[in-house]
Amino acid sequence: MSAKHIFVTGGVVSGLGKGICAASLGRLLKQRGLKITMQKLDPYFNVDPGTMNPYQHGEVFVTDDGAETDLDLGHYERFADENLTENSSVSSGKIYWDVLNRERSGDYLGRTVQIIPHITDEIKHRIYMLDDGEVDVIITEIGGTVGDIESQPYIEAIRQAGRDKGRENVLYIHVSLIVQIPGSDELKTKPTQHSVKELLSVGIQPDILVCRSDLPINAEMRNKIASFCNVEPDSVIQNVTASSLYEVPLLMAKEGLDRAVCRKLGLDAPEPDLAEWTAMVSRQKSAERQVEIALVGKYTELHDAYLSIVEAFSHAGTENDAVVSIRWVDSDRVTATSADAILSGVSGVLVPGGFGDRGIEGKINAVRWARENRVPFFGICLGMQMAVIEFSRNVCGLADANSTEMNERTSHPVIDLMPEQVGITKKGGTMRLGKYPCVLSPDSKAHAAYGSAEISERHRHRYEFNNDYRETLTSSGLRLSGLSPSGNLVEIVECPDHPWFVGVQFHPCLKSRPNRAHPLFREFVKAALKTNEQLKIEN
């Protein structure tokens with residue numbers, strides 16, 4: 001039996017939370033016992049967001065198979081708890097790249113290549129290929145806003161999907177804004193009406209409207225929207241601003257979103273079991289303890305650049321019955337003399353991943369402050385590399401220690417390209433992307449956190465720990481507590497004589513879930529809470 005298709009579009013303005021809406025629906029359908037998968041179609045012409053500045057598009061979310069994808073896939077994975085693949089992230093760059101390559105190789109037999117049917121057929125191919133014969137529902141979010149020029153081929157493609165698969169197997173959800181008049185509590189539906197009219201003009205009648213607002217929508221307004229937009233009143237779903245992202249599935253269930261979806265698609269599925277999710281949200285909202293952790297990075301002006309880390313802190317806080325507040329620290333500001341003033345009072349320091357040399361010395365200064373002041377430290381990817389450099393300089397006495405990414409002429413390249421990587425000049429060619437295994441040392445903090453001798457984590461980096469310096473660093477006290485199965489690659493480093501000092505080459509935040517915090521984040525927050533209690537006693 002073919003899978004059912006749900007298409008999620010957005011109207012009026014961008015940033016309404018289509019991704020959260022789609023992810024919440026995915027969770028609700030999964031809790032009904034249905035097998036789901038999810039997909040994001042992005043209209044930008046980059047092949048993927050891997051080379052985009054984080055200020056342009058937020059963080060890059062990496063899947064198990066090494067795809068560099070849009071951050072909305074992070075929402076999908078966290079909410080639906082499904083590991084997605086490169087097929088779940090499609091951009092116009094990918095679509096046009098494949099079509100043009102086929103044209104160059106003669107696959108179109110000399111015919112004129114056009115938006116319709118060639119581009120739209122390729123879009124539909126990318127959608128339909130997710131139907132593996134086992135999945136019940138495929139949820140596809142269309143990036144951008146209805147009416148955008150660059151989104152038109154996608155809108156046309158999903159219109160055709162309704163014809164190809166039959167309207168009984170395809171459902172359109174439109175997420176729109178209910179406008180609040182400034183200075184009053186008056187809500188206006190006209191922008192939503194015009195947005196639906198835009199969809200109707202290209203042949204799509206939305207089946208369900210999800211109406212985003214800060215204030216509740218009353219029955220009169222719901223009926224008005226239903227009447228003007230030609231949908232049933234119970235298919236007008238209000239999406240009121242929630243106190244927590246993870247409360248949205250519960251609010252959507254209360255509104256009957258999944259019930260309406262199942263009815264319209266003829267899905268025979270029991271009511272969703274939301275007991276665990278409800279308990280998790282309740283625990284999150286009832287947490288009374290507070291802990292502040294510094295995130296020292298160079299994109300701190302845009303918090304979405306570190307979205308998975310922020311969410312992983314939220315998950316870890318919940319499991320520790322605490323609220324984690326983040327002190328956003330621009331690494332450019334952290335000098336040897338200013339570090340104490342900037343970081344004083346925090347109970348933990350996290351240095352995240354990144355590329356390039358801007359702000360590097362500030363990150364190294366932050367690592368040193370955490371190590372010398374015995375404040376819990378967590379280094380992720382580049383953050384681990386900065387920890388290795390700091391330890392090399394200030395404990396091993398290698399004053400010039402650095403990464404060849406930052407200084408090709410350093411006399412102590414403690415972080416470097418591996419020999420087999422040298423000479424590969426294509427950008428991205430030397431990257432380690434996606435899932436890799438790691439073997440943990442017994443009695444290490446990492447082993448205690450995972451409770452397992454072997455793990456698997458997602459990577460996104462180019463430079464590695466230089467094995468020529470293993471003996472120098474370990475003899476000075478640094479522990480290499482996680483290695484690749486072959487032993488050639490250093491994945492985790494620790495300072496055993498420190499309360500909690502761990503650096504990892506991978507990105508553990510990518511696998512954290514709201515109802516199952518990542519073990520390293522959970523233990524890092526637990527250590528920070530212990531430090532926080534000590535600070536209270538001292539003060």
Side-chain angles (χ1 to χ4, degrees), residues 3 5-10 14-15 17-27 36-54 56-99 101 119-132 135 137-145 148 150-151 153-155 157-158 161 304-308 311 353 427-428 431-435 458-460 507 509-513:
H5 289 270
I6 298 173
F7 297 106
V8 181
T9 58
S14 59
K18 294 195 306 296
I20 297 297
C21 175
S24 297
L25 176 59
R27 185 77 203 192
I36 67 105
T37 192
M38 304 189 68
Q39 182 182 52
K40 176 75 180 289
L41 305 182
D42 269 307
Y44 54 70
F45 275 85
N46 303 70
V47 173
D48 60 44
T51 58
M52 294 169 70
N53 188 307
Q56 290 287 311
H57 224 255
E59 74 169 6
V60 174
F61 188 85
V62 179
T63 55
D64 276 350
D65 60 359
E68 295 176 286
T69 74
D70 181 78
L71 58 80
D72 271 316
L73 263 70
H75 289 313
Y76 301 165
E77 285 207 1
R78 284 187 287 272
F79 278 72
D81 199 11
E82 293 286 339
N83 292 332
L84 303 177
T85 70
E86 65 174 345
N87 295 327
S88 292
S89 181
V90 179
S91 70
S92 290
K94 283 184 179 178
I95 296 292
Y96 283 79
W97 178 273
D98 285 352
V99 169
N101 276 315
I119 297 299
T120 51
D121 280 354
E122 178 63 19
I123 293 169
K124 289 191 294 180
H125 168 70
R126 297 294 186 123
I127 295 169
Y128 300 158
M129 70 188 299
L130 292 183
D131 187 356
D132 59 4
V135 67
V137 180
I138 299 169
I139 303 173
T140 302
E141 176 193 351
I142 314 302
T145 304
D148 292 346
E150 58 266 31
S151 296
Y154 293 99
I155 300 300
I158 66 172
D304 273 1
Y306 303 109
L307 182 59
S308 289
E311 294 307 312
K427 195 165 185 65
M431 292 270 275
R432 252 207 305 157
L433 282 165
K435 182 173 67 174
R458 300 177 188 178
H459 294 63
R460 184 179 182 247
H507 294 260
C509 50
L510 300 177
K511 294 179 70 174
S512 188
R513 303 290 184 258

Seminar exercise, completed: Between the CG atom in Asn83 and the CG atom in Asp64, the distance rounded to the nearest 0.5 Å is 4.5 Å
For this session: Kindly indicate, with the supporting measurements, whether the criterion side chain to side chain contact (heavy atoms under 4.5 Å, CB included) is fulfilled by Ser308 and His507.
Result: CA-CA 9 Å; Ser308 289; His507 294 260; over 6 Å; no
For this session: Measure from the side-chain N and O atoms of Lys18 to the backbone N and O of Gly144, and report whether any donor-acceptor pair falls under 3.5 Å.
Result: yes
Problem set entry | Glu141 (side chain) donor-acceptor with Ala22 (main chain) under 3.5 angstrom | no
Exercise. Looking only at atom types and distance, does a side-chain atom of Glu77 sit under 3.5 Å from a main-chain N or O of Leu84, one as donor and one as acceptor?
Worked result: yes
Problem set entry | side-chain contact (heavy atoms from CB on, under 4.5 Å) involving Tyr128 - partner list, sequence neighbours excluded | His5, Lys124, Ala161, Asp164, Lys165
Exercise. Counting N and O atoms only, with roles assigned by atom type, does the side chain of Arg458 sit under 3.5 Å from a partner on the main chain of Val62, one being a donor and the other an acceptor?
Worked result: yes
For this session: Mind running side chain to side chain contact (heavy atoms under 4.5 Å, CB included) on Val135 and Leu130 for me, showing each step along the way?
Result: CA-CA 8 Å; Val135 67; Leu130 292 183; 5.9 Å; no
For this session: First locate atom CG of Asp148, then atom CD1 of Ile155, and finally report the distance between them rounded to the nearest 0.5 Å.
Result: 9.0 Å
May I have the list of side-chain donor-acceptor pairs in residues 37-44 shorter than 3.5 Å, sequence neighbours left out?
from  : atom 1 : to     : atom 2 : distance (Å)
Gln39 : OE1    : Thr140 : OG1    : 3.1
Gln39 : NE2    : Asn87  : O      : 3.3
Gln39 : NE2    : Arg126 : O      : 2.9
Lys40 : NZ     : Asp42  : OD1    : 3.3
Lys40 : NZ     : Asp70  : OD2    : 3.1
Lys40 : NZ     : Asp72  : OD2    : 2.8

Problem set entry | Pairwise side-chain contact, Thr63 with Thr69, heavy-atom cut-off 4.5 Å (strictly under) | yes
For this session: Specify the closest pair of heavy atoms between Gly143 and Ser151, including all atoms of both residues, with the distance to one decimal.
Result: O-OG, 3.4 Å
For this session: For the pair Ser91 (side chain) and Asn46 (backbone), establish whether a donor and an acceptor sit closer than 3.5 Å, ignoring hydrogens and angles.
Result: yes
Exercise. Can you list the residues that meet the side-chain contact (heavy atoms from CB on, under 4.5 Å) rule with Asp81, with sequence neighbours excluded?
Worked result: Arg27, Lys30, Arg513, Arg516
Exercise. Ser92 and Glu150: side-chain donor and acceptor closer than 3.5 Å?
Worked result: no
For this session: Decide side chain to side chain contact (heavy atoms under 4.5 Å, CB included) for Glu86 and Asp48; before the verdict, give the C-alpha distance in whole Å, the side-chain angles of both, and the deciding distance to 0.1 Å.
Result: CA-CA 10 Å; Glu86 65 174 345; Asp48 60 44; over 6 Å; no
Exercise. Rounded to the nearest 0.5 Å, how far does NZ of Lys94 lie from OG of Ser89?
Worked result: 5.0 Å
Exercise. Is there a side-chain contact between Ile138 and Asp131 (heavy atoms, below 4.5 Å)?
Worked result: yes
For this session: Taking all heavy atoms of Leu307 and all of Glu59, pick out the closest pair and write down the distance.
Result: N-OE1, 3.5 Å
Exercise. Atom CD1 of Ile158 and atom CD1 of Ile142: how far apart are they, to the nearest 0.5 Å?
Worked result: 4.5 Å
For this session: For residues Tyr76 and Ile139, determine if any side-chain heavy atom of one lies less than 4.5 Å from a side-chain heavy atom of the other.
Result: no
Exercise. Nearest 0.5 Å, what's the OH-CD1 distance between Tyr96 and Ile119?
Worked result: 4.5 Å
Problem set entry | Atom pair CG/CZ of Leu73 and Arg78 - distance to nearest 0.5 Å | 10.0 Å
